[in-house]
Amino acid sequence: MSSKQLLDQLRVDGDPKLDDRDAADTFGWDRDEAEALFAEELVELVELQKRLFADKSASLLVVLQAMDAAGKDSTIRAVMSGLNPAGVMVHPFGVPTEEERGHDFLWRIHAHAPEDGYIAVFNRSHYEDVLVVRVKELAPKDVWTKRYDHIRHFEQMLADEGTHIVKIFLNVSKEKQKERFEERLERPDKRWKFRAGDLGDRALWDDYMEAYADALEKTSTDAAPWYVVPADRKWARNVCIARIMRNHLERIDPQYPEPDSDIDFDDITIP
Ligand code: AMP
Ligand code: MG
């Protein structure tokens, strides 16, 4: 499958129809093939990031949203592994602090939007304010319903100012989440990831899917498109995410700056 066909399939345009999407989709690749494709994509990403960093005329924001154990952390580890860490900022957004709660919901987000030359990755984001907040009724309905508009406008503003935005929903199945939770319980080195609240969120699975479907439909725009990436198989997921990022970096088309015209590069000797 070509990159374009893949991206068209993953891209959200209207109702994301989450029920019809296969969380275990592999797009015809086996594991070895996918790992080889991923390695090729990483080479391209490394070069594009170098150019982005040198050019400093635009930035990339990658928003990652998902249920627990969908693989947000391992996505960041895998996909960012080859990149220059000096040019990547990863920001996790957890339960807001008291100070953050005292401000509008975008206040803590805006401060972490990337500056020119940088890639920012949000591990959760302002979308929690129309997801967990909606599902658990942490704010009144008339407050969170207005947030879709606020989010669209905020993201359009960032785009207009030079930030390219891609938003990725890691679509894990409920069965795979169970498997990964069980692994977290069994393996001492993974227990720290398990929180009591995780089971509460799992019990509200259908409500979350409804909230996700609504958020994706209302906020997938040309300036900030959503992609639904099947997340049950990490190796297929990695190819999808690398291709999405590559595509958006290619749209930025960053270039190395012109060298200093006062220097005659062929005729210079370093004393
Ligand atoms: P994790 O990403 O698994 O470390 O967990 C972070 C937790 O913070 C999740 O349970 C989120 O639902 C929660 N969280 C993130 N943003 C918000 C928010 N704006 N309001 C309430 N809870 C949030
Ligand atoms: Mg968690």
Side-chain angles (χ1 to χ4, degrees), residues 18 61-80 88-113 120-155 165 167-174 176-185 187 189-216 218-219 226 229 231-232 234 237 241:
L18 295 179
L61 170 59
V62 182
V63 171
L64 281 181
Q65 281 290 156
M67 298 296 282
D68 283 303
K72 294 189 297 297
D73 294 318
S74 89
T75 294
I76 293 168
R77 219 164 37 238
V79 181
M80 304 303 148
V88 182
M89 318 274 188
V90 179
H91 293 286
F93 290 97
V95 178
T97 62
E98 204 179 322
E99 187 189 23
E100 287 169 347
R101 266 201 309 278
H103 291 268
D104 68 87
F105 76 108
L106 291 170
W107 181 77
R108 67 174 183 158
I109 307 293
H110 198 173
H112 295 291
V121 182
F122 287 178
N123 182 345
R124 303 187 190 267
S125 65
H126 42 304
Y127 283 93
E128 292 293 327
D129 293 281
V130 289
L131 294 166
V132 64
V133 167
R134 164 176 167 166
V135 169
K136 296 213 178 138
E137 299 177 9
L138 304 179
K141 186 171 183 187
D142 67 325
V143 171
W144 62 254
T145 47
K146 294 196 184 95
R147 289 181 174 167
Y148 302 103
D149 281 339
H150 297 318
I151 288 174
R152 272 197 308 271
H153 289 137
F154 170 65
E155 292 177 347
I165 305 171
K167 301 178 294 196
I168 294 169
F169 171 54
L170 294 177
N171 186 27
V172 76
S173 66
K174 202 174 174 190
K176 183 57 87 175
Q177 188 197 51
K178 179 174 196 279
E179 226 177 82
R180 292 188 184 157
F181 274 175
E182 283 167 353
E183 197 188 352
R184 286 181 181 184
L185 295 176
R187 282 185 39 182
D189 63 320
K190 291 211 166 182
R191 283 195 178 155
W192 64 275
K193 283 199 166 197
F194 194 83
R195 292 174 306 116
D198 289 354
L199 290 180
D201 283 336
R202 179 173 167 80
L204 294 166
W205 187 276
D206 292 345
D207 295 341
Y208 271 107
M209 289 308 116
E210 210 179 305
Y212 267 108
D214 230 16
L216 269 54
K218 289 186 161 80
T219 63
W226 273 107
V229 169
D232 279 12
K234 294 182 175 182
R237 170 204 76 191
I241 292 175

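Keep in mind that what you see is a predicted model, and the values were worked out from it rather than measured. Every number for a ligand or one of its atoms is a count from 1 in the order of the listing.
Any N or O atom pair closer than 3.5 Å counts here, and Val132 shares no such pair with ligand 1. Ligand 1 has no nitrogen or oxygen under 3.5 angstrom from a nitrogen or oxygen of Asn123. Here's the thing with Lys72: none of its N/O atoms is less than 3.5 angstrom from an N/O atom of ligand 1.
Neither the backbone nor the side chain of Phe105 has a heavy atom within less than 4.0 Å of ligand 1. Of all the heavy atoms of Pro92, none lies under 4.0 Å from any atom of ligand 1, so neither backbone nor side chain is involved.
Using a non-hydrogen distance threshold of 4.0 Å, Lys136 does not register as a contact of ligand 1. Ligand 1 lies less than 4.0 angstrom from a heavy atom belonging to Arg108.
Comparing heavy-atom distances from atom 3 (O) of ligand 1 across Asp201, Asp68, Leu64 singles out Asp68 as nearest. Among Val95, Val133, Leu138, the residue whose heavy atom sits closest to atom 8 (O) of ligand 1 is Val95.
Between Trp144 and Tyr148, the angle of the ring planes goes over 60°, which puts this pair in the perpendicular group of the 30/60° scheme.
Checked by atom type and distance alone, the side chain of Arg202 pairs as donor or acceptor with a backbone atom of Lys174 at under 3.5 Å. The backbone N or O of Ala70 sits less than 3.5 Å from a side-chain atom of Arg180, completing a donor-acceptor pair.
Checked against the 6.0 Å centroid criterion, the rings of His110 and Phe154 qualify as a close aromatic pair.
Of all the atoms in ligand 1, the ones that sit under 4.0 Å from a non-hydrogen atom of Asp129 are 19 (N).
We find that Arg195 and Asp198 are joined by a salt bridge, their nearest charged nitrogen and carboxylate oxygen being less than 4.0 Å apart. Using a 4.0 Å cut-off between charged nitrogen and carboxylate oxygen, Lys146 and Asp129 do not count as a salt-bridge pair.
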